[in-house]
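Notes for the one structure printed next.
Along the sequence shown, residues are numbered consecutively beginning with 1. Keep in mind that this is a model prediction, so the values were computed, not measured.
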Amino acid sequence: MPERYPDELVGSFLTRFIDANALGSKYALLKWLDLPSISYGWQFMDISVLTPIWISLAERLEIGLSDLICELSTKPYWACFQAKRRRAPSVESALGNLEGKLPFSPDFLRSPSHTRLELQFCAQCARQDLRSIGVPSLRRSHQLPGTFVCHEHALQLIHRCPNCATVLAPRSDLVRISLTCPVCGCDLGDPTADVVGRSTPIFRLAVFEHDCLHSAEAPRQASEVAGFVRNFCRESNINMNAVTMEAFGSAFNSWRRESFGGTAHATRIDLQGMPTLCACLVALGFTHHSLHAAIANSAPTVEPTTRRVIRPKSASEARKELLALVTGGQKLNWCILRTRHSSIYWCLVLNDFAWLEKQLGFCRVGLTIPPVRQDRRAAFYAKKQKQSDARTRLLYRDPGWLAEALKSSSNERLANRDDHLVCLIQKAKANWFARSGRPERFSQERAAEVVGLKLHRLRLLNQRLPLGPESPLWESSTHYRLRVLRWTFERFSNCGTLLSSSQLLREANLRNTPDLRSLAARIMHP
C-alpha cells in the first residue's frame, strides 16, 4: 500500500496503479479479477458492503483487506460513532479473519454506509495532484455526507459541470477525473471563485468529518455521543433543533443530503446517525478533539433506552429504568409513562405504587386494576390497547398462565398458517404439472415464490409437515426426470417411433446412468 496516497478512493487508486485503458469499467474489473459478471451488490467507489469482489481485489493486488478498508474507503468515518449493524451472511468468514486487524469492530462491515452517486472533488486539490504526480485523484474525505467544501482550501466541491450539468465523476465506474468537462469542454473554474469562510459551520463540519475519517481515537458508541449531546443541551439550556437550523438551515435539505438547497428537517438525535451527530456537535461548537476530551471528562450518565421495549422483571429494575429515563432528559407524567412505557408503569403500579407517586406526584385519575380473571379474557379477546395492557399486567400477576396461553395461541396460529400455505403450494404444483410442452421442474424457488416465502422458511415449513423431508413440497429430481421421460416417450410413441432406453435418455437430454436406464425401461415396458 503506497503511503503517500492515504486519502484517495479505490477507483482512483486503481486507475493510477493498474492500466486504466484496460480497466475502464466495473465489467472489465470483474474480468480482470476472473469473477463472473453477476450482481454482488455493486458499490464500487466505497466498501459499503464487504463482497467477494473486495476479497478478490485485495488478493489480486496483494494488499491486506484491512489496509484496503482503512486506507481506501470511508468506513473509518462511519465507524467513528458506531451503531449496531446487520451482518450480511456471505461475509462471516471474512469478518472472522479481520478480527483484531481493524481499528473498529469487523461487525461494522454489515450494511451500506451511504448512497452518494456523484463523487466530488476540489479543483485546487486536483491541480496540485496534476503538478505533483501527473494525475488528479479523488479524496475519500470529499465524499462524506456533510462535506461540501474542501477541508484544506475552503473551496466548494465540484460534482457536476457548471455549464452543462454533466456528472464529472460517477460512482459506478473506475474514475479518472479531468479539469475540463468531457462534454462541453468547459473549464471547471477559477480555484478562488467559490471560497467559503473558514469560520462558517459548513467548513467546520467538513473539517470535523475529515478528523473523524482519520481519527486515532477508539470508536465510540453512537448512543454514548447522542447521550452526551442531550445532556449538554439540557445543562446549557439549548434547543438543539434551533441551533442546527440556525447553523445549517439554508445549506441542507436533510442529514443524508447530496446537494445544496432547501431547509433542514427537525434534528433527530435519537436516530444516532453519523451525519446527524457530526452536524449537531459542530453546531454546538465542538471539534473532534474537544469532543473526545469533553466526553472523557464528563460524569458517566445512564443512557435511557427509548428505542427498545423495556420489560423490567422486578420493582427495583423498574425503578432504575424510570430514573434512567428522567436522567436522560425525558419529561414524564402519569399519561406519558402509561402510553410509552407501559411495562414500567404497570410493574410499579402493582408492586411499588407509593414510590411511583413520589416521583410523578399525586395521581389525579383514579386507578382501577381489573381482577386476574378479567385480564385473562381481555388478553386475547379485547381490542388492541386493552389487550396489550392486560398482557402487561398478567406478566407481573400470572406469568405462568400467560406463557402457556401465548404458546398455545402461537402454535394454533402457526398450524392454521401452515395448512393454508401447503394448500396454496399443492394447488400451484397441480397447475404446473398440467402445463403443456416439455416439463419444467417445480423447484424450491418456484414453490417459495408462490407463497412469498424465503427458501429457508420454506424448508422449515416442509420440516413441520407430518412426512417432513420424505415428502417435500417441491418436486424431487427423480420425479422431474420421470415426467420428462414420460413426456418424451409419449411424443415419440404418437409418431410411431420405437426407441431404446439409451435413445430415450438422449432424446430427453438426460444422462445415461444405470438408474435412469432402469427408469426408462420401466416407462417403455410397464
Side-chain angles (χ1 to χ4, degrees), residues 5-9 74 76-77 80-81 114 116 118-132 136-160 162 168-169 177 179 187-217 225 229 232 236 238 240 242-264 267 274-295:
Y5 308 123
D7 198 32
E8 63 180 346
L9 286 174
T74 61
Y77 162 80
C80 189
F81 305 146
H114 67 86
R116 186 184 292 282
E118 300 173 5
L119 300 176
Q120 305 178 129
F121 63 93
C122 168
Q124 186 67 14
C125 290
R127 284 181 171 83
Q128 289 180 357
D129 291 342
L130 198 60
R131 289 193 299 268
S132 60
S137 64
L138 290 161
R139 266 80 169 162
R140 55 183 177 150
S141 56
H142 291 164
Q143 321 309 322
L144 303 178
T147 299
F148 288 113
V149 296
C150 177
H151 64 278
E152 293 182 1
H153 306 104
L155 287 178
Q156 184 173 325
L157 299 177
I158 304 170
H159 64 101
R160 292 196 176 197
L168 299 172
I177 61 175
L179 293 177
D187 185 19
L188 293 182
D190 182 4
T192 61
D194 298 315
V195 178
V196 178
R198 292 180 179 269
S199 61
T200 58
I202 192 170
F203 175 77
R204 290 189 286 112
L205 181 57
V207 174
F208 190 97
E209 292 197 325
H210 173 267
D211 292 341
C212 287
L213 179 65
H214 296 276
S215 174
E217 302 280 351
V225 181
V229 171
F232 183 86
S236 306
I238 294 176
M240 191 69 255
V243 172
T244 51
M245 286 287 288
E246 181 181 356
F248 304 112
S250 62
F252 299 109
N253 185 39
S254 70
W255 301 125
R256 295 295 291 253
R257 55 209 172 273
E258 293 188 6
S259 61
F260 285 97
T263 57
T267 305
M274 275 295 299
T276 303
L277 291 177
C278 290
C280 290
L281 292 164
V282 169
L284 292 174
F286 285 98
T287 64
H288 184 262
H289 176 74
S290 65
L291 166 70
H292 282 271
I295 293 179

* **Glu209 side-chain N/O to Gly146 backbone N/O, donor-acceptor pair under 3.5 Å** => yes
Would you give the length of the straight line joining atom [atom1] of [X] to atom [atom2] of [Y], rounded to the nearest 0.5 angstrom?
X      : Y      : atom1 : atom2 : value
Cys122 : Leu138 : SG    : CG    : 11.5 Å
Leu144 : Tyr77  : CG    : OH    : 6.0 Å
Leu284 : Phe232 : CG    : CZ    : 5.5 Å
Phe121 : Arg139 : CZ    : CZ    : 11.5 Å
Gln143 : Leu119 : CD    : CG    : 4.5 Å
Ser290 : Leu281 : OG    : CG    : 8.5 Å

Test item: [X] and [Y] side chains (from C-beta on) under 4.5 Å apart, heavy atoms:
X      : Y      : value
Ser141 : His151 : yes
Leu155 : Val149 : no
Thr147 : Leu205 : no
Gln156 : Val195 : no
Val282 : Val207 : no
Ile295 : Phe286 : no
Met274 : Pro145 : no
His142 : Cys125 : yes

Name all residues meeting the side-chain hydrogen bond (donor to acceptor under 3.5 Å, both in side chains) criterion together with [X]; count only those two or more places apart in sequence or in a different chain, and write none if there are none.
X      : value
Arg198 : none
Glu152 : none
Thr200 : none

* **Polar contact flag, side-chain donor to acceptor under 3.5 angstrom, His159-Glu118** =>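 Their side chains do contain a donor-acceptor pair, which is all the 3.5 Å distance test asks for.
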* **Between His153 and Gln128: side-chain donor-acceptor atoms closer than 3.5 Å** =>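 Note: His153 and Gln128 side chains meet the donor-acceptor criterion.
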Smallest separation among heavy atoms of [X] and [Y], with atom names:
X      : Y      : result
Leu179 : Ala123 : CD2-O, 4.3 Å
Ala283 : Ala247 : CB-CB, 4.1 Å
Ala279 : Phe248 : O-CE1, 3.4 Å

* Asked: Considering residues at least two apart in sequence or located in another chain, which fulfil the side-chain contact (heavy atoms from CB on, under 4.5 Å) criterion with His288?
  -> Cys80, Phe208, Asp211, Cys212, Ser215, Glu217, His292
* Tell me, please, which residues at least two apart from His289 pass ring-ring contact (aromatic ring centres under 6.0 Å, His included). => none
* ring-ring contact (aromatic ring centres under 6.0 Å, His included) partners for Phe203, two or more places apart ->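 Phe203 satisfies ring-ring contact (aromatic ring centres under 6.0 Å, His included) with no residue once adjacent residues are dropped.
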* Residues Met240, Val229; criterion side chain to side chain contact (heavy atoms under 4.5 Å, CB included); working and verdict -> CA-CA 9 Å; Met240 191 69 255; Val229 171; 3.8 Å; yes
